[in-house]
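Inspection log for the structure reproduced underneath, given as structure tokens.
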Amino acid sequence: MTVFVIGAAGGLGQLVVRALRERDVDVAVLARDPERVPAGPGVRVVAGDLSDPASVRAAAEGCASLFLSASCDVECQSAAVDVAADVGARLVKMSPWQAAVREDSPAPGARHHWITERYLAKRDLPYTILSPNYPMQELIRHYAPEVRRRGVLVDPAGGRGVSVVDEHDVAEVAARVLTEPGHEGRTYALTGPAAPTFAGLAELLAGLMSVPVSASELAGPELAAWLAREHRPWEAELDALFGQFREGAGEAVTEDVRRVTGHEPRPVADFLKTHLHHFLPDSEG
């Protein structure tokens, strides 16, 4: 079988491609910039984007499943749904930020996911929705610099817990759902095994590194400045998301990773141990 992947330029998309190849599944990857997506044995890179659905449809012909990971507007997500329906493929759609995906969400991207999910339900095709909570990898991408420089872990969740999930677990769930029967019509809310607070994460890091690490709750102008520095151009979207986290929307923990993969999701303590070098003070690393 062949799986058609839309959105492989990002870290999660590449992990899904890798997980599919580990299952000996051939992959066709749609890429606006093919040079950003590494080809290899069993991986075919197709130049194009969803603004030209006809070309995407031709490239996806014969594929058994289509994975939509791209965070794009409603029009392009709907075009991907149409492509899957036209070629008779099962669609697996990523709708990240779990609790934020609703009609009245203050996060525009989350509302786009909600609208696309409603459209998807009207089309005659098998589909599954994967809705992961906040990725553990974001701790490296956007939080580690302040830990290295000042021993401070920024807390945009206002002291509330967030059930962070490892993107490797999300990728394994995606690969299984794309290649195994029995997941049609399901929505999987993907979380880690617990919902630690950022203060708890700071305590974990301090213990692992044997140096002081404190959590600093940010709000108002301080939060806006940090978002602009670390999350451009998504700061407005994430400000809305963190507002929901501060109301406790990120605290839910589910069993969906275990249900699909057969194993427990990775604990954040294990993730931090493995990636501790990203957080070590600049003088040491």
Legend entry - Salt bridge present between Glu251 and Arg160 (N-O < 4.0 angstrom): yes

Inset, instruction - Salt-bridge test for Asp82 and Arg123: reply yes if a basic N is under 4.0 Å from a carboxylate O, no otherwise. - result: yes

Legend entry - side chain to side chain contact (heavy atoms under 4.5 Å, CB included) partners of Glu247, counting only residues at least two apart: none

Legend entry - Main-chain N/O of Asp49 paired to Ser55 side chain as donor or acceptor, under 3.5 Å: no

Legend entry - Worked verdict on Val92 versus Val3 for side-chain contact (heavy atoms from CB on, under 4.5 Å): CA-CA 10 Å; Val92 176; Val3 173; over 6 Å; no

Inset, instruction - Return yes when atom CD of Glu203 has more than 12 non-hydrogen atoms of other residues, nucleotides or ligands closer than 6.0 Å, and no otherwise. - result: no

Inset, instruction - Using a strict 4.0 Å threshold on nitrogen-to-oxygen distance, state whether Glu172 and Arg176 make a salt bridge. - result: yes

Inset, instruction - Under the salt bridge (Lys or Arg N to Asp or Glu O under 4.0 Å) rule, collect the residues that match up with Asp239, sequence neighbours excluded. - result: none

Legend entry - Leu178/Val16 under side-chain contact (heavy atoms from CB on, under 4.5 Å): CA gap, chis, key distance, verdict: CA-CA 10 Å; Leu178 285 160; Val16 172; 4.2 Å; yes

Inset, instruction - Could you walk me through whether Val257 and Thr191 pass side-chain contact (heavy atoms from CB on, under 4.5 Å), step by step? - result: CA-CA 7 Å; Val257 169; Thr191 75; over 6 Å; no

Inset, instruction - Could you pull out all residues at least two apart from Glu222 that satisfy salt bridge (Lys or Arg N to Asp or Glu O under 4.0 Å)? - result: none

Legend entry - Contacts of His168 that satisfy side-chain hydrogen bond (donor to acceptor under 3.5 Å, both in side chains) - sequence neighbours left out: Asp166

Inset, instruction - List in chain and number order the residues that pass side-chain hydrogen bond (donor to acceptor under 3.5 Å, both in side chains) with Tyr127, two or more places apart in sequence or in another chain; answer none if no residue qualifies. - result: none

Legend entry - Worked check of salt bridge (charged side-chain N to carboxylate O under 4.0 Å, His left out) between Glu22 and Arg18: CA-CA 6 Å; Glu22 289 173 353; Arg18 184 187 307 170; 5.5 Å; no

Inset, instruction - Give the minimum heavy-atom separation between Gly109 and Glu237, together with the two atoms involved. - result: N-OE2, 2.7 Å

Legend entry - Plane angle bin for His231 and His142 - parallel if under 30°, tilted between 30 and 60°, otherwise perpendicular: tilted

Inset, instruction - Could you tell me whether Arg259 and Glu255 make a salt bridge, using a distance below 4.0 angstrom between a side-chain N and a carboxylate O? - result: no

Inset, instruction - May I ask you to decide whether Asp169 forms a salt bridge with Arg266, counting only side-chain N to carboxylate O separations under 4.0 Å? - result: no

Inset, instruction - Could you list the residues that satisfy side-chain hydrogen bond (donor to acceptor under 3.5 Å, both in side chains) with Arg21, not counting sequence neighbours? - result: none

Inset, instruction - State, yes or no, whether a side-chain contact exists between Leu223 and Arg246 at a heavy-atom distance under 4.5 Å. - result: yes

Inset, instruction - State whether the number of non-hydrogen atoms from other residues, nucleotides or ligands found under 6.0 Å of Glu180 atom CD is greater than 12. - result: yes

Inset, instruction - Could you walk me through whether Trp234 and Leu227 pass side-chain contact (heavy atoms from CB on, under 4.5 Å), step by step? - result: CA-CA 8 Å; Trp234 299 100; Leu227 286 168; over 6 Å; no

Legend entry - Flag, side chain of Thr128 to backbone of Arg186, donor-acceptor distance under 3.5 Å: no

Legend entry - Geometric class of the His183/Tyr188 ring pair [parallel <30°, tilted 30-60°, perpendicular >60°]: perpendicular

